[in-house]
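Working notes, beginning with the structure itself.
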Protein chains: 2
Amino acid sequence: MSESASTPRKRLPTVNDIARACGVSRATVSLVLRNSPLVGAETRARVEQELKRQGYVYNRAAANLRRRTSSSIALVINDLSNPFFAEFAMGVDEALVDEGFVTLLGSTGESPERQELLLGSLLEHSPAGMILSPAENSDGERLRRLLGNEPPVLVFNRELSASGWDFLALDNRHGARLATEHLLALGHRAIAFFGGHADSSSCQQRRQGYADALDAAGIGIDPRRMIECTPTRVEAAQQTGALFERDPSITAAVCYNDNVALGLKLGLMARGVRPGVDFALTGFDDIPEAAQTSPALTTLAVEPRARGRQAAELLLQRVRDREAPVRRVVAPVQLVVRGSSGAPRG
Amino acid sequence: MSESASTPRKRLPTVNDIARACGVSRATVSLVLRNSPLVGAETRARVEQELKRQGYVYNRAAANLRRRTSSSIALVINDLSNPFFAEFAMGVDEALVDEGFVTLLGSTGESPERQELLLGSLLEHSPAGMILSPAENSDGERLRRLLGNEPPVLVFNRELSASGWDFLALDNRHGARLATEHLLALGHRAIAFFGGHADSSSCQQRRQGYADALDAAGIGIDPRRMIECTPTRVEAAQQTGALFERDPSITAAVCYNDNVALGLKLGLMARGVRPGVDFALTGFDDIPEAAQTSPALTTLAVEPRARGRQAAELLLQRVRDREAPVRRVVAPVQLVVRGSSGAPRG
DNA sequence: CTGAAAGCGCTTACAG
DNA sequence: CTGAAAGCGCTTACAG
């Protein structure tokens, strides 16, 4: 039975075709498909054989239309090339597949405009829910207006003003506090907070945790020790100079995240300052590279894949119970001490 | 107008609701939605206002059902935590969004069993096409039977036997040849091929390119210089010993990929062998870390994001023209020379 | 246990 | 330019 190359797109068999071939109604076929106990064993067997024979493929879109349900979840993230989000996406997808949902992927590249277009397009596919890690500078109220009450949304990672949606975040504040306390315990007193944009919520929270620890140690906050930079490695390396210009007494830095820390590390080495020996630094995220760089990076483990699974589970709970109170879940983070943090020199 | 928290899931407005409110038929509304020139300007304006007023959301699933079309593409990859695939997925998604498609994501984690389940589930959502980067040890004929002729598939990266599907791959053979020739030109003669599984098609091709270059240089292939290992950093670091045990004269290695090369680098440093000075090595992929590690890694740039866009475009061409001949596209790779490759010692 | 009928939200000829 | 009718592939009461 050779397939002709010019065969026009074959129509897939439908419940109708199966029903006709078996001499039953399509209701019966539908019941067999969903394993209803209403169908007799003999009929079921006949139908199942015919399904296999014709290579029947269930049309979930048609079923969803009729049942007014949906079996997809939209996942909107900024940037898959960030390992943190890539791992997160993996976790989301794993958990969703286990629950019989399929993931509709969208990436915004941190552009609020692109995000709006994307959301509009995703909505037309009527997802049962959405996991949204908002692009920087997203307008919460605008998004709320765009999305309305359908579908339910779980916001991840970045706080959105006035959204009224469930929210899952990392414990940024506590994490940064742990890192700062660790450096204090090693004897550091002149500690910078390095990297990130001061107007992003996660940066604010991490700076807050840093301030908490300094306060508790009776050390004042010195604005010269707060250095902003785009959280990329290259930018961070370039800002290394600014760090020492503004306060030459600095012996340690709590970095906004691992990428920034790794960039700072490069910047330090380029100036002949040995990370982990002459200067202590900590990151945030525990990306795979943190353990493998030399000296290995002291950082905060956030387990993005587990966060992904958690996000999927929270959202599905919401999908199943729309009336439950809005949730705000803060996931714990863990300090992982490695070689990059050392005692102060001198 | 406060929203009651106990409002049962609001039904979204449909073409029917709009038509009724405007006093036109739903056919007219449908025409407005798709910008048909058949509708009068005044009617169109009235309908459009009403669409906005009621917050109408197009139901693409219903439209697709009726038109027998699809606006989704399934993307099946192994592992998003591999930056190569994450970048590839970004590229695919970017290109698909631009063409009005949405991405159905699925990840197999290199498990053929999980892959089959996943494909079954994705098929039920009737994607217009599928981009499939097969799990290792996939059975091509089995997949072909499972997927049939619908939807069209573009296989990426890993050759599948007897599939009859379009195929996009990297020029593994040529790339490995370039790397090997580069090491030869630097004076190396005892060059290993390090890492990868000998039964994977990409490893075979890279080994072939390595052999091509050695052949051309009149150097025989020595099986002691071919070391297998799972392409992870940890594994590669652990196999470093095996490399020198099997042939202590080795001065350079063409590595299966960047992860392997970075692992080998760690293994070398742990033994006091300085990469780029005492020993030369090359990678494959040019992951971001390759440029940032020290010494930076000589490798082959494959531009995964561009490959993703290319894959999406090839697939969409197939979706639009089912009768075109099957294609086999080999994407070029570029040698990027950095510090990790140096002249032989002594 | 099985079948006939209606309907999910759209689009597509076909009349007018 | 607009409307009435049929239908995409399913499911869901409702009869029998």
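The chains referred to below are lettered A, B, ... by the order of the sequence lines, with proteins before strands, and numbering in each begins at 1. Side-chain atoms are counted along with the backbone in the values below, which use heavy atoms only and exclude waters and symmetry mates.
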Residues pairing under ring pair (Phe, Tyr, Trp, His ring centres under 6.0 Å) where one sits in residues 55-86 of chain A, two or more places apart or in two chains, turn out to be none
Bounded by its outermost nucleotides with an atom under 4.0 Å from a heavy atom of chain B, the footprint on DNA chain D reads D/dC1 to D/dG9
Residue set satisfying side-chain contact (heavy atoms from CB on, under 4.5 Å) with B/R53, at least two apart, ordered chain then number -> B/E50
Hits for side-chain contact (heavy atoms from CB on, under 4.5 Å) against A/E94, two or more places apart or cross-chain, chain-then-number order -> A/M90, A/R305, A/R309, B/R114
For A/A89, the side-chain contact (heavy atoms from CB on, under 4.5 Å) test, sequence neighbours excluded, returns A/L75, A/I77, A/L80, B/L80
Kindly determine whether B/E48 and B/K52 satisfy salt bridge (charged side-chain N to carboxylate O under 4.0 Å, His left out), including the steps that lead there.
CA-CA 6 Å; B/E48 273 171 351; B/K52 185 157 293 176; over 6 Å; no
So the salt bridge (charged side-chain N to carboxylate O under 4.0 Å, His left out) pairs with at least one residue in residues 117-127 of chain B (sequence neighbours excluded) are A/R60-B/E124
Note: for A/Y58 and B/T43 on DNA chain D, the residue whose nearest nucleotide lies more 5' is B/T43
Which side-chain N or O atoms in residues 26-34 of chain A pair as donor and acceptor under 3.5 Å with protein atoms at least two apart or in another chain?
unit_1	atom_1	unit_2	atom_2	d
A/T28	OG1	A/S25	OG	3.3
A/S30	OG	A/R34	NH2	2.9

The ring-ring contact (aromatic ring centres under 6.0 Å, His included) partners of B/F156 (sequence neighbours excluded) come to B/F88
Counting the atoms with a prime plus P, OP1 and OP2 as sugar-phosphate, which does B/V57 contact under 4.0 Å by heavy atoms, base, sugar-phosphate, or nothing?
sugar-phosphate
Residues at least two apart in sequence or cross-chain that pass side-chain contact (heavy atoms from CB on, under 4.5 Å) with A/Q317, listed by chain then number, are A/L314, A/R327
Note: contacts of residues 21-31 of chain A with DNA chain D (heavy atom, under 4.0 Å) are A/R26, A/A27, A/S30
Show which side-chain atoms of residues 97-106 of chain B pair as donor or acceptor with protein atoms under 3.5 Å away, not counting sequence neighbours.
unit_1	atom_1	unit_2	atom_2	d
B/E99	OE1	B/R320	NH2	3.4
B/T103	OG1	B/D93	OD1	2.7

Dot-bracket assigned to DNA chain C with the 3.5 Å Watson-Crick/G-U criterion, [ ] for crossing and | for other-strand pairs, is |||.||||||||.|||
